[in-house]
Visitor: 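A single structure is presented below for examination.
Throughout, a chain's letter reflects where its sequence line sits, starting with A, and its residues are numbered from 1.
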There are 2 protein chains.
Amino acid sequence: MTASLFWSSPVSDNSLDVAAPPADLEIIVNDARDGQKAQLRLWLRMLSITKIISHEIRRRLRNEFQATLPQFDLMAQLYREREGLRLGELSRRTMVTNGNVTGLADRLESDGLIVRQSADGDRRVTVAKLTRHGRETFARMARAHEAWLRELMSEVDDKTLAQIFGATGRVKRSVSSRLIKSED
Amino acid sequence: MTASLFWSSPVSDNSLDVAAPPADLEIIVNDARDGQKAQLRLWLRMLSITKIISHEIRRRLRNEFQATLPQFDLMAQLYREREGLRLGELSRRTMVTNGNVTGLADRLESDGLIVRQSADGDRRVTVAKLTRHGRETFARMARAHEAWLRELMSEVDDKTLAQIFGATGRVKRSVSSRLIKSED
DNA sequence: CGATATTACTTTAGAGTTAAAAGATTGCGA
DNA sequence: TCGCAATCTTTTAACTCTAAAGTAATATCG
């Protein structure tokens with residue numbers, strides 16, 4: 001096998017060597033033709049950052065609001081749709097499978113944060129919407145959530161943030177178009 | 001409240017915010033200072049990209065190798081450590097909790113991909129290492145995995161990839177340092 | 001020496017995850 | 001109108017995930 005790809009020892013972040021803790025799964029490739037692996041390297045970096053931040057957000061949501069991240073995501077979608085959304089649409093928007101939405105909705109409903117309604121004339125459809133309590137709770141969570149992110153990224157200047165945002169847009173488009181094509 | 005949390009619809013591209021959510025003015029009223037949300041926006045974008053790619057990698061690993069992503073990650077760590085790793089170290093490196101590593105190792109072991117050994121003189125310790133079959137299997141998976149990423153990001157030029165890689169390094173350092181500090 | 005930490009792993013309980021199958025309901029073409 | 005396809009949600013099975021408690025084995029200190 002040519003590609004000898006070796007996962008780097010987590011702690012040794014090629015950037016900065018901060019203490020030790022919860023190691024990081026950033027992978028590095030030690031290969032002569034390093035240029036060939038830019039995609040892999042970038043992917044591992046994004047994965048690593050996302051895991052670290054998710055972990056932290058998850059922890060804080062749990063500690064401060066007794067909520068989980070998927071629940072927060074689901075509520076976020078409902079927050080901007082006063083009329084509520086059908087479960088299937090919710091599934092699409094949150095990128096969570098149908099079956100999963102059922103369970104999430106069950107828990108949120110039993111906590112009094114959302115309600116299920118069989119609206120429309122179509123009895124197959126179920127619409128979920130935030131209760132008053134749900135809206136208030138979410139509003140508080142969203143404020144905290146936003147502040148956490150600002151805090152976590154506080155050492156990065158706005159210009160860099162904007163730059164990454166723009167460039168990652170290209171990555172997103174590339175990935176998305178590949179997925180769509182392969183569906184043919 | 002400053003709520004303004006206009007969650008972009010996840011799956012759809014959040015750069016071009018097409019959908020026009022009517023909703024109450026109250027909700028939208030807030031902040032004219034959109035610039036304050038660069039962190040939130042970037043976070044949502046990274047989360048979105050990561051979800052899409054993970055989803056696809058997971059799907060392909062399942063279809064072509066009957067393996068899961070966490071299993072792949074665990075094997076990746078063992079691949080470069082011929083001598084094997086103790087479960088605790090594996091947990092640290094993969095950012096997976098101890099209990100979870102136990103289950104993952106159970107499954108990999110029963111599939112004949114790894115073996116557990118009670119090495120050392122310390123009988124509390126268990127070392128996991130890839131079997132011959134495990135090494136061969138992982139080598140094939142790793143090659144495919146790398147190719148998939150190259151394919152998915154193929155529309156992005158190397159310069160952009162390198163640029164993002166570099167800039168996200170700063171994000172990672174910022175986030176990491178905040179976490180360590182808060183541990184005090 | 002022996003009680004008490006500490007360390008390493010496993011177990012448990014509650015959530016989330018996916019894919020696939022099962023249940024309802026509705027729509028549509030012959 | 002009847003039957004079958006399409007749509008929407010729930011169920012199921014296997015896996016992953018976290019936090020917290022449990023079980024060994026080893027270390028430490030009085």
Visitor: Quick one: A:Asp106 CG to C:dA15 C1', roughly how many Å, whole number?
Guide: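 After rounding, the gap between these two atoms is 12 Å.
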
Visitor: Give the rounded distance in Å between these two atoms: CG of A:Leu61 and P of D:dT18.
Guide: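 Roughly 15 Å, once rounded to whole Å.
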
Visitor: Closer to the 5' end of DNA chain D via nearest nucleotide, is it B:Gly121 or A:Thr102?
Guide: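 This one resolves to A:Thr102.
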
Visitor: To the nearest Å, give me how far apart CD (B:Glu109) and C1' (C:dT10) are.
Guide: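 Atom-to-atom, B:Glu109 to C:dT10, this comes out as 14 Å.
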
Visitor: Suppose we screen for salt bridge (charged side-chain N to carboxylate O under 4.0 Å, His left out). Which residues come up paired with B:Asp111, at least two apart in sequence or across chains?
Guide: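 Result, salt bridge (charged side-chain N to carboxylate O under 4.0 Å, His left out) vs B:Asp111: none returned.
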
Visitor: What I want to check is whether the side chains of B:Ser154 and A:Arg178 have a donor and an acceptor closer together than 3.5 Å.
Guide: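 Indeed, the side chains of B:Ser154 and A:Arg178 share at least one donor-acceptor pair under 3.5 Å.
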
Visitor: With sequence neighbours excluded, tell me which residues meet side chain to side chain donor-acceptor pair (under 3.5 Å) with A:Thr160.
Guide: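 Applying side chain to side chain donor-acceptor pair (under 3.5 Å) to A:Thr160 gives A:Asp157, B:Arg170.
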
Visitor: State which residues pass salt bridge (charged side-chain N to carboxylate O under 4.0 Å, His left out) with B:Glu109; sequence neighbours excluded, sorted by chain then number.
Guide: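 Salt bridge (charged side-chain N to carboxylate O under 4.0 Å, His left out) list for B:Glu109, sorted by chain: B:Arg116.
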
Visitor: Within the pair B:Arg116 and C:dT10, is there a side-chain N or O less than 4.0 Å away from OP1 or OP2?
Guide: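 Answer is yes, contact under 4.0 Å.
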
Visitor: How would you list, by chain and number, every residue that makes a side chain to side chain donor-acceptor pair (under 3.5 Å) with A:His55, sequence neighbours excluded?
Guide: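 In terms of side chain to side chain donor-acceptor pair (under 3.5 Å), with neighbours along the sequence ignored, A:His55 is linked to no residue.
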
Visitor: With a 4.0 Å cutoff (strictly under), does any side-chain N or O of A:Arg123 reach OP1 or OP2 of C:dT26?
Guide: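 The answer is yes; a side-chain N or O of A:Arg123 sits under 4.0 Å from OP1 or OP2.
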
Visitor: Not counting sequence neighbours, which residues clear side chain to side chain donor-acceptor pair (under 3.5 Å) with B:Thr131? List them please.
Guide: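 With neighbours one apart ignored, the set is empty.
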
Visitor: With 3.5 Å as the limit, what N/O pairs link the protein to nucleotides 16-23 of chain C?
Guide:
| residue | atom | partner | partner atom | Å |
| --- | --- | --- | --- | --- |
| C:dG16 | OP1 | A:Thr68 | OG1 | 2.5 |
| C:dG16 | OP1 | A:Gln71 | NE2 | 3.0 |
| C:dG16 | OP2 | A:Arg107 | NE | 3.2 |
| C:dG16 | OP2 | A:Arg107 | NH1 | 2.2 |
| C:dG16 | OP2 | A:Arg107 | NH2 | 3.4 |
| C:dT17 | OP2 | A:Asn100 | ND2 | 2.7 |
| C:dT17 | O5' | A:Asn100 | ND2 | 3.1 |
| C:dT18 | OP1 | B:His55 | NE2 | 3.4 |
| C:dT18 | OP2 | A:Thr97 | N | 3.3 |
| C:dT18 | OP2 | A:Thr97 | OG1 | 3.1 |

Visitor: Could you work out, with side-chain contact (heavy atoms from CB on, under 4.5 Å) as the rule, every residue matching B:Glu136, not counting sequence neighbours?
Guide: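 For B:Glu136 the side-chain contact (heavy atoms from CB on, under 4.5 Å) partners, ignoring immediate neighbours, are B:Arg132.
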
Visitor: Bend across the helix from C:dC1-D:dG30 to C:dA30-D:dT1, to 10°, with axes taken over 5 pairs at each end?
Guide: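 Between the axes fitted at each end of the helix from C:dC1-D:dG30 to C:dA30-D:dT1 lies an angle of 0°.
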
Visitor: Only counting residues at least two apart or in another chain, list the ones meeting side chain to side chain donor-acceptor pair (under 3.5 Å) with B:Ser174.
Guide: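 Counting only residues at least two positions away or on another chain, B:Ser174 forms no side chain to side chain donor-acceptor pair (under 3.5 Å).
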
Visitor: So what does B:Thr126 touch, heavy atoms closer than 4.0 Å: a base, only the sugar-phosphate, or nothing?
Guide: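 Sugar-phosphate contact only.
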
Visitor: Just the rounded figure in Å: distance from C1' of D:dT7 to CZ of A:Arg92.
Guide: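 That distance rounds to 15 Å.
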
Visitor: Counting only side-chain heavy atoms from C-beta out, which of C:dT25, C:dT10, D:dT10 sits nearest to B:Leu87?
Guide: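 It is C:dT10.
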
Visitor: For the residue pair A:Ser91 / A:Asn98, report whether a side-chain donor-acceptor contact shorter than 3.5 Å exists.
Guide: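 A donor-acceptor contact under 3.5 Å links the two side chains.
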
